[in-house]
Amino acid sequence: MSEAVAQLRSIRPEPDEPRPEIFHDEIDGDDLSVVEQRLSLFEILYREAWLRKLLILIVLAVIWEIYGRSLNNDLLFPTFSATIAAFFRAVMDGSLPAAAWSSGKVLLMGYGLGIALAATLTALAMASRIGTDFLETMTSMFNPLPAIALLPLALIWFGLGNASLIFVLVHSVTWAIALNTHSGFLNVSQTMKMVGRNYGLRGPRFIAKILIPAAFPSILTGLKIGWAFAWRTLIAAELVFGVSSGSGGLGWLIFENKNMLDIPKVFAGLLTVIIIGLVVENLIFRTIERLTIERWGVQH
Amino acid sequence: MSEAVAQLRSIRPEPDEPRPEIFHDEIDGDDLSVVEQRLSLFEILYREAWLRKLLILIVLAVIWEIYGRSLNNDLLFPTFSATIAAFFRAVMDGSLPAAAWSSGKVLLMGYGLGIALAATLTALAMASRIGTDFLETMTSMFNPLPAIALLPLALIWFGLGNASLIFVLVHSVTWAIALNTHSGFLNVSQTMKMVGRNYGLRGPRFIAKILIPAAFPSILTGLKIGWAFAWRTLIAAELVFGVSSGSGGLGWLIFENKNMLDIPKVFAGLLTVIIIGLVVENLIFRTIERLTIERWGVQH
Amino acid sequence: EVTTVRLAKQFGIGYLPLTLIEEQGLLEKHAQEAGLELSTEWLRFTGGSGMNEALLSDNLDIASGGVGPLLTIWARTQNNMQIKGIAALESMPLYLVTTDPEVQSLADFNSSHKIALPAVKTSIQAITLQMGAEKLLGEGQHGALDAFTVSMGHPDAQLAMMGGQSEINAHFGAPPFQQQELKDEGAHKVLDSFEVLGGPHTFNLIWAKNDFIENNPQVTAALMGALEESIAFIKENPEEAARIWAEAEATNLTHEEIVELITDERVNWTTTPEGILPYVEYMSRSGLITVSTEDWRDIFFETVHDTDGS
Amino acid sequence: MQHKDPLLTVQGVTLQYKTPHHLITATYRVSFDVMQGDRFILLGPSGCGKSTLQKAVGGYITPTEGEMRLKGRKITQPGPDRMMVFQEFDQLLPWKTVKQNVTFALQASGRMNKREAEEKAMEYVVKVGLESFADSHPHMLSGGMKQRVAIARGMAMEPDILLMDEPFAALDALTRRRMQDELLKLWDETRFTVLFVTHSIAEAIKIGNRILLLSPHPGRVKAELNSTTDPARATELEQYIHQMLFAHEPEEAEHV
Amino acid sequence: MQHKDPLLTVQGVTLQYKTPHHLITATYRVSFDVMQGDRFILLGPSGCGKSTLQKAVGGYITPTEGEMRLKGRKITQPGPDRMMVFQEFDQLLPWKTVKQNVTFALQASGRMNKREAEEKAMEYVVKVGLESFADSHPHMLSGGMKQRVAIARGMAMEPDILLMDEPFAALDALTRRRMQDELLKLWDETRFTVLFVTHSIAEAIKIGNRILLLSPHPGRVKAELNSTTDPARATELEQYIHQMLFAHEPEEAEHV
Ligand SMILES: Nc1ncnc2c1ncn2[C@@H]1O[C@H](COP(=O)(O)OP(=O)(O)OP(=O)(O)O)[C@@H](O)[C@H]1O
Ligand SMILES: Nc1ncnc2c1ncn2[C@@H]1O[C@H](COP(=O)(O)OP(=O)(O)OP(=O)(O)O)[C@@H](O)[C@H]1O
Ligand SMILES: [Mg+2]
Ligand SMILES: [Mg+2]
């Protein structure tokens, strides 16, 4: 049998009865009409991301409401409806918007500075080996430190108030972003880096024109994490750090109402954080993603 | 001129005086000896990562010491030497190791559970569109929430003590890891994914055998960030949650000594966190990197 | 009746009676005398808010803390859990201490000052400061000092003020921080809570849910017995009490300092609630709580109804 | 009999890429049948949809119109019965060595146990001349070496149908001829079916027994021809195909 | 005169890859001179170090031994005077469209202002036949189309020396010939220098005026030959090179 096969090898015969050859006329390239498969209504709806997300949100709200009712302990865990009511009351009396605004300002400043610092550190890390070691060492040392560890230095350097808060925010934002950015930079393909250097790009221009766009997905993840941790830290830090009376943000609003056991309002404060998170994710980050990563086809 | 060039085109003449052709004898492939450039002593030392890192650490310690001395305010910011002294005292009397051990246990459990939950969420996100939306929505909603927001639910579900701490830890670890892992999965090249599916891999096997190794750098970054934030959260949470007598961890130790105004010991506690961070980064994470990413040549 | 009681305390000399009950096993002893097999579980919190949450979520039976948290939770739970006070632990003054020699009275504070206290607006110190401002600066002036207040934990506040490196130059604290601060020559007292309240007032108390007290009369009685015994012990053996406390608590105070704190003539170890009503009146007037009462007994279980409270 | 039941039928398949901003038609109503044992060649200019067509057969792209059936069953998803050798260099798993890359393919698809897989893997790694790099990771290989590993992997899988997308493009003349011979030898031994994309007419004639000519973007079928093994007829056929494909181009002998 | 001063001198260059676990010698003591205006071809089997050699000239790899000089200056780092067309498909910037990829190269290297760059870019995009994809992002292109963009970019830069690594490997016969012709036309116009890696002997003879033959792994210089434009001598030369490269192989006419 294998003998026979070996025989065949050098000959590779045509099929016994040769298949007919097929020829097509040139089709004109311009009138290519396509009959698409139709989608069911469900499929069409399911394709809308915002609908799916809305569904998830509604389901979560319903679960919250039901669980809250079954628990029936307004002082511990209010229902969704009670929270919403408190939310609108607090929006109406202006306390919530004022607090959110006050927190937001600080947050954005801290976030911005954190990004700038992370950028600097990562740029140094890309520039030299000792820069890399510096970033790695600093990150592994300082990233695990809680905000309270910074309190003494913050007090000495910045005193009470927003400057110290921003200092703590920078601490919570920088390392996460720097880690992600650096790892993103390292993952940029060798070829892409060679192309950039080939254009004569060096230093900051190389980073800005090649590394940042190429590592954009990682950087965006870092920004998202940094954003979230900035909120967490801010809310916690407003308690640890002195808040001058009358200038408190969301963290303060939450703490104050918790002290007064106005739990629905506490949850209204938390709900505000959640809503801001959803808005920022779906309006800002998603838009950025649509305009960059999706257009570039770098995520699959 | 351009006429002349057009003329030349079809001819492409040989150089006026033909260059000599060169031939080499076959060299035997086995005795290829290479004369390498020698490195200076500085270069040899500079190539050792641990030496560079040690240098950075020493510089930082010196800065700390000098700044601490110039500040001369032991209540706010003790010197490095005072901290080290307190550190060794606390190590000797056993309070620091006990606290670190107690925190470490809780931390590892929370970290482990957080990783498991992140894995589940990411797996769901890779499996279906609604899973992706779910992960995105949950992350953007819950990631910015501080630990205190979870306190009521933690108390209801887990009561006081370690279970609640772990719950809070999971919250601080999961989202960061899930975000990084998911973005890492999305960044895996289309071709690599096609190869995996071509082998007939599906679901968990596909994730385990293709996506996880391919997205490993991103996952590792997520793990590092998660690790750091687990520490931060743990130390802060030990205060919020209270302790059954005698079972406090590092956060408790820090708080207690702060109450007693024993600031060097507070800093000794923080130093422990820093040291653990350095050890974990340089022993565990670096080893993992060396065995994976570096071997695979996926970072440049 | 329960077989295990979960109690909680916080940091500070104010919880000395509870420390003695824990260390000397007084509650178990009194329960045994009443024929009950009772064990205890002691927890530690860093603030009244966490304590209240633990109580509400059934992770705690007996909470302890300042007047503020009790009044808040009492006001909130009138229609359901009816949380009330069981007993006071002591009456103790709170001092507003400053390092600025210029400041002699509340009227001297201006925008160059920062007064640290545990929580602006809601803590008992903030409330006392407002009451003081109203009393000393005149009607409607209760918020006059709010703009200078800053919330900060006691240790941080003390470090910040005594460290001299920050703008904090006043601290409305609690024992033992206030006493330690006053030991420094640069610091002096500006306000005394006893003066604001017009007499001694309770600092710390213990409280519980109505259900617990109703269902566990014997345990409650044992608890009261234990409390009385520990208070008697403090009064009789301050030296011994100080030693026990120093052993049980992490502290940097010397034995003498502790004894001095315990035996301070302005400190009265008693289960009798004092000066509660002025707080209730002020807090309801300023909207911090939504209910009010004329009778301090409404705020307490029968355990202390027969005392001479106020 | 085998002429009655094609292994793979492609019926009026239109393949499109939909992006938020563009709709690109890669192939338009392409039909052809691949019989059991065919060495079926896709030939056409750059960008005419050859790779897309292969990926659709591989189960990665769903046709907008028309359908593809393998052994009568509609193709809906990828699977190890259709082993692909991609055009891209990054198709090796970077965390596995050369040998492991082949072994893993055999094991993951559940073909054989570890020992068998290793033996088979080594056999094919030797066939493509990479025995001295068996334990290297892919990042240490040159472009052509990577492609050879992919070829070894594809052949070692011995699938029902092997889909190869310009597998030999990155290889030098000699290595290329060796690979072509290995492929034909293997075919003689196991008579698998192969769907082969190439841009070299000569290679098409050498490798294939049936050649599908596609028109430029979007790809439509121009002709489906039989190949030949007779050298004289081969040269003729090469000329002929050349004319068919580049009919409108200025006449010039294909030299490379 | 130009024979006296080579544009590029490569002197006894050994190139090695050092990884923690391996030491791979890619080329061993390679020497050659490239004159101004040369179309210099690197020819050799897969894995012999052609790409490595090019990358070293590009300034990305430092020789373990020996040195390379461009216009007398030692090569220490990459720069826009040596424009590279890589072998890999991922050399386009995915965040730029086809046109922008070319434009950006021209602008980033400081050659020209935006308007000039755009005009020039469009000119070359048309040359490689991608005008209808000028505004597409690279992920929407086929493998061959990507390579063509890279070629357009390389040629548009009009560098002192153009380094091309198997640029035409992914192209079909017709497109390939067109690209070859474009390259030669451009050379006639601007007389740039090109260092060209290929694995096709015929292409080497067609494109090059000087051909460097490398031995298999690790690459050493076997010979450095002059090319020819005379068709008859070309066939002869092809046979000859074939023999030189594959001396130890069983004799068989190169067919593909
Ligand atoms: N991911 C994608 N998104 C959008 N369009 C694509 C994508 N991949 C390919 N195309 C388009 O589909 C068409 C066919 O591409 P395909 O890769 O199938 O060509 P090909 O015949 O394999 O070409 P080559 O010989 O150059 O590899 C091209 O016009 C290309 O622009
Ligand atoms: N990044 C790397 N790390 C280690 N070794 C490498 C690396 N890149 C290439 N090599 C090795 O160097 C040698 C030469 O590789 P190179 O890419 O230069 O070959 P080539 O001549 O371009 O081959 P091909 O024609 O297949 O592209 C090969 O043996 C390869 O294994
Ligand atoms: Mg293709
Ligand atoms: Mg190469």
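Residue numbering restarts at 1 for every chain, and letters A, B, ... go by the order of the sequence lines.
For E/K99 and E/E131, the salt-bridge test fails: no basic side-chain N is under 4.0 Å from an acidic carboxylate O. Under a 4.0 Å N-O distance rule, the pair E/K120/E/E123 does not qualify as a salt bridge.
Between A/W227 and A/F285, the two ring planes are perpendicular [angle over 60°; tilted spans 30° to 60°].
Of the atoms belonging to E/L92, it is backbone heavy atoms, and not side-chain ones, that fall under 4.5 Å from chain A. The part of E/R153 that comes within reach of chain A is its side chain, from C-beta onward, which places non-hydrogen atoms under 4.5 angstrom from that chain. E/E88 touches chain A through its side chain: at least one heavy atom from C-beta onward sits under 4.5 Å away, while N, CA, C and O do not. Proximity to chain A is limited to the side chain of E/K55, based on heavy atoms less than 4.5 angstrom apart.
Most heavy-atom pairs under 4.5 Å with chain A: of the set E/Q77, E/K96, E/R82, E/Q107, this distinction falls to E/Q77. Ranked by non-hydrogen atom pairs under 4.5 Å with chain E, the options A/K193, A/R295, A/R197, A/M194 are led by A/M194. Ranked by non-hydrogen atom pairs under 4.5 Å with chain E, the options A/I293, A/V298, A/I210, A/T292 are led by A/I210.
Judged by distance alone, the side chains of A/N180 and A/T221 never bring a donor and an acceptor atom under 3.5 Å apart. No side-chain N or O of E/Y17 forms a donor-acceptor pair with one of E/T25 less than 3.5 Å apart.
The 12-atom threshold is not exceeded at CZ of A/F134, counting heavy atoms of other residues, nucleotides or ligands nearer than 6.0 Å.
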